[in-house]
Protein chains: 2
Amino acid sequence: MIDVRRLEALVALRRTGTVSAAAAQLHYGQPTISHHLRRLEVETGSVLLQRVGRGLRLTPDGERLARRGEEILALLARAEAELTASTSLQAGQVRLAAFPSAAATLVPAAVALLVERHPGLGLDLIEAEPPEAAAMLRAGTADIALTFAYPGQAEPDGVTAVTVHEDALYLVAPGSLDPGAGPVDLARFADTRWVTGCERCRSELLALCSKAGFEPRIAYASDDYVAVQSLVASGLGVTVLPGLALRAHRNPDVVRLPVPGAARRIQVTTYGAPPHPASVDAVAAVLTEVAGASES
Amino acid sequence: MIDVRRLEALVALRRTGTVSAAAAQLHYGQPTISHHLRRLEVETGSVLLQRVGRGLRLTPDGERLARRGEEILALLARAEAELTASTSLQAGQVRLAAFPSAAATLVPAAVALLVERHPGLGLDLIEAEPPEAAAMLRAGTADIALTFAYPGQAEPDGVTAVTVHEDALYLVAPGSLDPGAGPVDLARFADTRWVTGCERCRSELLALCSKAGFEPRIAYASDDYVAVQSLVASGLGVTVLPGLALRAHRNPDVVRLPVPGAARRIQVTTYGAPPHPASVDAVAAVLTEVAGASES
DNA sequence: CTAAATCATCGACAACATCGATATAACGGC
DNA sequence: GCCGTTATATCGATGTTGTCGATGATTTAG
């Protein structure tokens, strides 16, 4: 393989016309360039130069090689610049996987902060539930993810999840219901019909009800937090939804009552261990910040 | 500037998936690849790789850089192959400057020999008189030249001329002339009108006549050896033409008589001193051969 | 839990890029 | 024609670094 430093010497010679000038341009000593040119000829077994007077001239072969070399050096410089831009957060694209209610609440705020802080950084948003998101991280389809986990849940393998927010759970009931005073006792709804929120929340709902001493009668199920609230508003049952889902959409005909001690953890999840690319760290930072600011 | 060897390691890693396999593919030891990858990350200040299990994975930045690197390495290989092809005479283009009568006689024969010997070598023919040809060599517009020189003429500066043929001069007279016996005595035409051949030959003609004891009365002049012969055939005068010109074109209505001891040297002329590019040497060889074979 | 596989690290050696000093050659002016 | 200037080539010395073998750390598979 042709040594690029020697090519560089040849290109500089072609541009400047003399070895000394080429050396100056490359910040080298004159013997260094002389040496590289000689080695380039020996190593390729070609005649690239011809002495003329006290200078040098490129042969047709030398000319052609120098032209190719110029192109190659330009590509190298381009690749380096591209990488530097990405490293210094002036460019790049980060693929973020997020679950629906976060995509509608935290992500827009994070994007706003990101464009303000790093205008060159782009963000591709992919909606995905936590297990799917972890799989995408492992597969390299996403670079970072927003996930959630219920208490006691082990985090998926191979990824690093950092909790950035405690997302309280609320009992959601028809607007006609009297909220009453003090904390909610789920047992009060033991005989009501239930709607499950997202699919993963079903097991958490069962655990909460079991702790309250009953088993809920589940009449309807949907992943869609808008649809679920509509069902509740129509008086078809009650449900439990996390705060983020209620912040994303709030049906005016439902009331929400905090369920004491019930919450899910919102996590910023990345693949493998640090260090991560600067762009990923930057996105993680804005996500953490935005999630922290929503503690209230 | 990014070191190409490190890039090569990254590309090989991307292709093979593991450092060990990449090392094997590049005929290196495994620590060498490990080292190059680490240095590449340090030197560019980027995160290009991520440990996963007992293997490595490329980050998006690493992926992009590897793709660029693949392209760059391909270009390098292409440039090298191109150069090798030229060096081994499988390709290339040589620009040959030749004076008209040689272009019509020696050059076609040389081209025939060249295509037989090196089918990949191409030849660009440029018609040029010797001084012009030498200038083209100096200017880099031609790579090799066929020139001629009259006895005692110094060869132009900066070029190397090798005589490959003695080209005898002939007195050319109208066909009606009785050739007579024995060598020609130019003095016999002292009172005839003269036509000069090519422009450069005028001084040689004057010298020959002067040696014969008279000064020719020059009625017409032309560079064109076909036109000159027409003039002579029409009985407008006599002239002196070199053998090559007569071989290129022979007007049936003229007779030619050798002028004893009068000749020009046909030369293969190159720029500067050896070594010359292999393609130039190859063209010089066929020219020399063809010119030598025409000695008769 | 053991064995195989993989990458990282370390120390050592050889190769080589680079430089300063100097030799050699060519141009320009007087 | 001689001499200062301007080129490149060469040489010896030195510091850097590419490369390897051996070894350690970690993970996967059986």
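A, B, ... follow the sequence lines: proteins, then strands. Residue 1 opens every chain.
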Going 5' to 3' along nucleotides 18-30 of chain C, which nucleotides have protein heavy atoms under 4.0 Å from the base (write B), which only from the sugar-phosphate (write S), and which from neither (write -)? BSBB----BB---
Is the backbone N or O of Val94(B) less than 3.5 Å from a side-chain atom of Asp124(B), with the two atoms forming a donor-acceptor pair by type? no
Can you tell me how far P of dC16(C) sits from CD of Glu43(A), to the nearest Å? 8 Å
Can you measure Arg57(B) atom CZ to dC7(C) atom C1' for me and round it to whole angstrom units? 16 Å
Distance under 6.0 Å and angle within 45° of ring axis: Arg5(A) vs Tyr28(A): no
Tell me which residues in residues 133-145 of chain A put a heavy atom below 4.0 Å from DNA chain D, sorted by number, or none. none
Indicate yes or no for a side-chain donor-acceptor contact from Thr59(B) to the backbone of Leu48(B) under 3.5 Å, with no hydrogens or angles considered. yes
Does Ala103(B) offer a backbone N or O that forms a donor-acceptor pair with the side chain of Glu127(B) under 3.5 Å? no
Between Arg264(A) and Glu204(A), does any side-chain N to carboxylate O distance fall below 4.0 Å? no
Could Glu82(A) and Arg68(B) be called an ion pair, given the rule that one side-chain N must be under 4.0 Å from one carboxylate O? yes
Give a yes or no on whether a salt bridge exists between Glu71(A) and Arg67(A), defined as a side-chain N under 4.0 angstrom from a carboxylate O. no
For atom CG of Asp3(A) and atom C1' of dA17(C), their distance in whole Å: 10 Å
Determine yes or no for a side-chain-to-main-chain donor-acceptor pair under 3.5 angstrom, with Arg95(B) supplying the side chain and Gly140(B) the backbone. yes
Is any side-chain N or O of Ser20(B) closer than 4.0 Å to OP1 or OP2 of dC7(C)? yes
Round to a whole Å and report the spacing from CG of Leu37(A) to P of dT10(D). 12 Å
At what angle, to 10 degrees, do the two end axes of the helix from dC1(C)-dG30(D) to dC30(C)-dG1(D) meet, given five pairs define each axis? 30°
Describe the nucleic acid contact of Arg39(A) in one word from base, sugar-phosphate, nothing, applying a heavy-atom distance below 4.0 Å. nothing
Verify the neighbour count for atom CZ of Arg38(B): are there more than 12 heavy atoms of other residues, nucleotides or ligands below 6.0 Å? no
Starting at atom CD of Gln50(B), determine the distance to atom P of dC7(C), rounded to an integer number of angstrom. 15 Å
The side chain of Val19(A) lies closest to which of these nucleotides: dT6(C), dT8(D), dG18(D)? dT8(D)
To the nearest Å, how far apart are Leu26(B) CG and dC20(D) C1'? 15 Å
Does CZ in Arg14(A) sit with more than 12 non-hydrogen atoms of other residues, nucleotides or ligands closer than 6.0 Å? yes
Is Arg117(A) salt-bridged to Glu289(A), cutoff N-O under 4.0 Å? yes
Rounded to the nearest angstrom, tell me the gap between atom CG in Leu48(B) and atom P in dC7(C). 16 Å
Quick one: Leu13(A) CG to dA9(D) C1', roughly how many Å, whole number? 14 Å
